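What follows is one structure encoded as structure tokens, with my remarks underneath.
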Amino acid sequence: MTSVTLRQLWSLVENTQAAFLLGQDDASLVTWLLDRLSEQQALESMESEWLGDYIRSKTSLIRDLAEQR
């Protein structure tokens, strides 16, 4: 997972409507974010797996950020 990928992830979180992020369960949120990122750049299976783990570990932070908007 590169710094560019991480920047893209957090930019995606920032630019997605808060209500949408808050309305998803954890699994759906992770899947949706991974799908959007894979549309922006090709993700190898290992990178996708690491990124999925990273997003799962950050779902609370993502929801906290969305609630603050």
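Numbers here are sequence positions counted from 1. Only a predicted model underlies this, so the values are computations on that prediction, with no experimental measurement involved.
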Interatomic spacing from CG in L12 to CG in L21 - rounded to 0.5 Å: 8.0 Å
Cluster overlap W10 with W50, hydrophobic side-chain contacts below 4.5 Å: no
Audit row: L22, E67, side-chain contact (heavy atoms from CB on, under 4.5 Å) steps and yes/no: CA-CA 8 Å; L22 294 170; E67 286 176 353; 3.7 Å; yes
Spacing of D35 atom CG and Q40 atom CD [to the nearest 0.5 Å]: 11.5 Å
Name of the residue among L9, V13, N15 meeting side-chain contact (heavy atoms from CB on, under 4.5 Å) with S11: N15
side-chain contact (heavy atoms from CB on, under 4.5 Å) between I62 and L33, worked out: CA-CA 11 Å; I62 292 168; L33 288 168; 3.9 Å; yes
Side-chain donor-acceptor contact under 3.5 Å, R63 with T59: no
Nearest-0.5 Å distance that lies between atom CG in L29 and atom CD1 in I55: 7.5 Å
Shortest non-hydrogen contact from G52 toward V30: O-CG1, 4.1 Å
Point-to-point distance, once rounded to the nearest 0.5 Å, from OH of Y54 to CD of E47: 13.5 Å
Atom pair CG (D53) and NZ (K58), whose distance is rounded to the nearest 0.5 Å: 12.0 Å
R69 side-chain N/O to Q17 backbone N/O, donor-acceptor pair under 3.5 Å: no
E39 CD: over 12 foreign heavy atoms closer than 6.0 Å: yes
Whether S38 side chain and L34 backbone form a donor-acceptor pair below 3.5 Å: yes
Heavy-atom pair with the smallest gap, counting every atom of A18 and A66: CB-O, 3.3 Å
